2 protein chains.
Amino acid sequence: MRLIVARCEVTYSGRLNAVLPEAVRLLILKSDGSFLVHADTGGFKPQNWMTPPTVVEHEGEPLERLVVRKRGRKTEDRLDVRIVEILSDVAHDMGEAGAIAKDGVERDLQEELATRPAALGEELRVVRREWQTDIGPVDLMCRDTEDGWVAVEIKRVATIEAVEQLTRYLERIRPEPGMARVRGVLAAQKVVRQARTLAEARGLRWIEVDLGVLRGEREPELTLFPG
Amino acid sequence: MRLIVARCEVTYSGRLNAVLPEAVRLLILKSDGSFLVHADTGGFKPQNWMTPPTVVEHEGEPLERLVVRKRGRKTEDRLDVRIVEILSDVAHDMGEAGAIAKDGVERDLQEELATRPAALGEELRVVRREWQTDIGPVDLMCRDTEDGWVAVEIKRVATIEAVEQLTRYLERIRPEPGMARVRGVLAAQKVVRQARTLAEARGLRWIEVDLGVLRGEREPELTLFPG
DNA sequence: TCGTTCATTTCGAAG
DNA sequence: CTTCGAAGTGAACGA
């Protein structure tokens, strides 16, 4: 990884055009071909960047210009860095970084709900996870106590799009034999207001579930009036 | 901006839990409170990060541990960096970075189309941009040569979701007085195939427009057979 | 390659 | 403050 701190002007042309006026910035050249331009503010996002695969051209000694191009694209994507002054230029051999281990993404929620469908707010039996339709898989397909079918769409955050997605699935499932009355349930750690409204308007039930509570790591919020 | 290259292990807990095993990584501490953990591979995205506002704790001399916490949140967000070996630790005063100037985003396309609605493939008059409905604004509301209403949804890339969005708008507009026969047009720099199919199935017209051509920067592709 | 879906999405604007 | 939609979204996964 090469780290350059330099006063520079950066021009991007590709999917859009953008210009960064002359200022001091951090330029990161990763060994996988990634190129990032970071300012001292602006948070998470680089001001400019290019994802691999790229081709990098260096001009001048000391460095006066960097051109980063996207490889293997029809429309040219190009970053042009005009370097006015180099304040630092160091390279580090970093070896391999271990793979990140994540827990708490949508799939984890789906797994928990598959084993504890009662958390969905009614008594359900899980028939299948990833029930295939011709437009994609329904997260959980269940049956209720009266053997009625229930399709469950799971999200970490459910927006109006999640309602649309569930609606599309139901449209596809209902014509199947015996499926005409399949119900839809939207389950998420958070269901935003518009999604609630649209879901209710379409006769879909929504429910918020908490992964921590689900796992018993935290107690559900109980309002007890002892005595 | 402080740049630390160090062998370290990083633990995140918050919206999910994640662990990065011990490896050499770049740690970036921005003056706005941003904290980024980058590996030498993995492209655009940091392996771990925290956006402002944050509180950073330093432990040890030399540095042995960094704890970054999210400020002003109910649920705690926390990044814990256990530092095994520091390979480099430098700070740079970078001053202000100029604001980025972008051109070519959806809004630019909307502006061009508002002034040249003929590019939408039929003769239209623009009545309003950002025509308000109770579920959000229609990008362009127009009338055709027979005074019929036409709602235009504009995207840079139109997917199936853009068709759904336009459909929702039309559902809301049609009950309005005199609006029963409003037509829908989907305009984008690229309309993906499934969006085309769904649009056609729903009686919506779609059209691809090129911002460059629209501005006359490029000539449209003409196939001429002179003589 | 294209298309879909998820993301600790982030980011920005508007109510 | 929340809410909502765009993003050069990026990245993974499947057809």
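The sequence lines fix the lettering, A, B, ..., with proteins before strands; numbering per chain opens at 1. Keep in mind that what you see is a predicted model, and the values were worked out from it rather than measured.
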Requested in this report: Identify whether any heavy atom of A/Thr159 sits under 4.0 Å from a base atom; if not, whether one sits that close to sugar-phosphate; answer base, sugar-phosphate or nothing.
Outcome: nothing
Report summary line: For DNA chain D, the expected dot-bracket line (Watson-Crick or G-U under 3.5 Å, [ ] crossing, | inter-strand) is |||||||.|||||||
Query raised in the report: Using a cut-off of 4.0 Å on non-hydrogen atoms, how would the nucleic acid contact of B/Arg107 be classed: base, sugar-phosphate, or nothing?
Result: nothing
Query - Short side-chain N/O contact from B/Gln194 to OP1 or OP2 of C/dT4, under 4.0 Å - result: yes
Query raised in the report: Starting at the 5' end of DNA chain D, which residue's closest nucleotide do you reach first, B/Lys45 or A/Leu79?
Result: A/Leu79
Query raised in the report: Taking atom P in both D/dA11 and C/dC11, what distance in whole Å separates the two?
Result: 15 Å
Query - SB check B/Glu161 B/Arg168 (cutoff 4.0 Å) - result: no
Query raised in the report: Once you round it to whole Å, what is the distance between P of D/dA6 and CD1 of B/Ile154?
Result: 11 Å
Report summary line: From CD of A/Gln165 across to P of C/dG3 the rounded distance in Å is 18 Å
Query - Atom-pair distance (CD on B/Glu106; P on C/dA13), nearest Å - result: 14 Å
**Report entry** Separation between the C1' atoms of C/dC6 and D/dA7, rounded to whole Å
**Finding:** 15 Å
Query raised in the report: Base, sugar-phosphate alone, or nothing: which one does B/Gly104 contact when heavy atoms must sit under 4.0 Å apart?
Result: nothing
Query raised in the report: Between A/Asp80 and A/Arg65, is any pair of side-chain heavy atoms under 4.5 Å apart?
Result: yes
Report task. May I ask you to say whether B/Glu164 pairs ionically with B/Arg202, meaning some side-chain N is under 4.0 Å from a carboxylate O? Result -> yes
**Report entry** For atom CH2 of A/Trp49 and atom P of D/dG10, their distance in whole Å
**Finding:** 6 Å
**Report entry** C/dT8 base stacked by B/Tyr12 (centroids within less than 5.5 Å, tilt under 30°)
**Finding:** yes
Query raised in the report: Does A/Arg15 have a side-chain nitrogen or oxygen under 4.0 Å from the phosphate oxygens OP1 or OP2 of D/dA7?
Result: no
Report task. Identify, between A/Lys70 and A/Val192, the residue whose nearest nucleotide on DNA chain D lies closer to the 5' end. Result -> A/Val192
Report task. Please work out if A/Val157 contacts a base, only the sugar-phosphate, or nothing of the nucleic acid, heavy-atom cut-off 4.0 Å. Result -> nothing
Report summary line: Side-chain atoms of A/Met50 come closest, of D/dG8, D/dA6, C/dT4, to D/dG8
Query raised in the report: Whole Å only: how far is the CZ atom of B/Arg196 from the C1' atom of C/dC2?
Result: 12 Å
**Report entry** Separation of atom NZ in A/Lys155 from atom C1' in C/dA7, rounded to whole Å
**Finding:** 11 Å
Query - Length of the CD1-C1' vector between A/Ile160 and D/dA6, whole Å - result: 15 Å
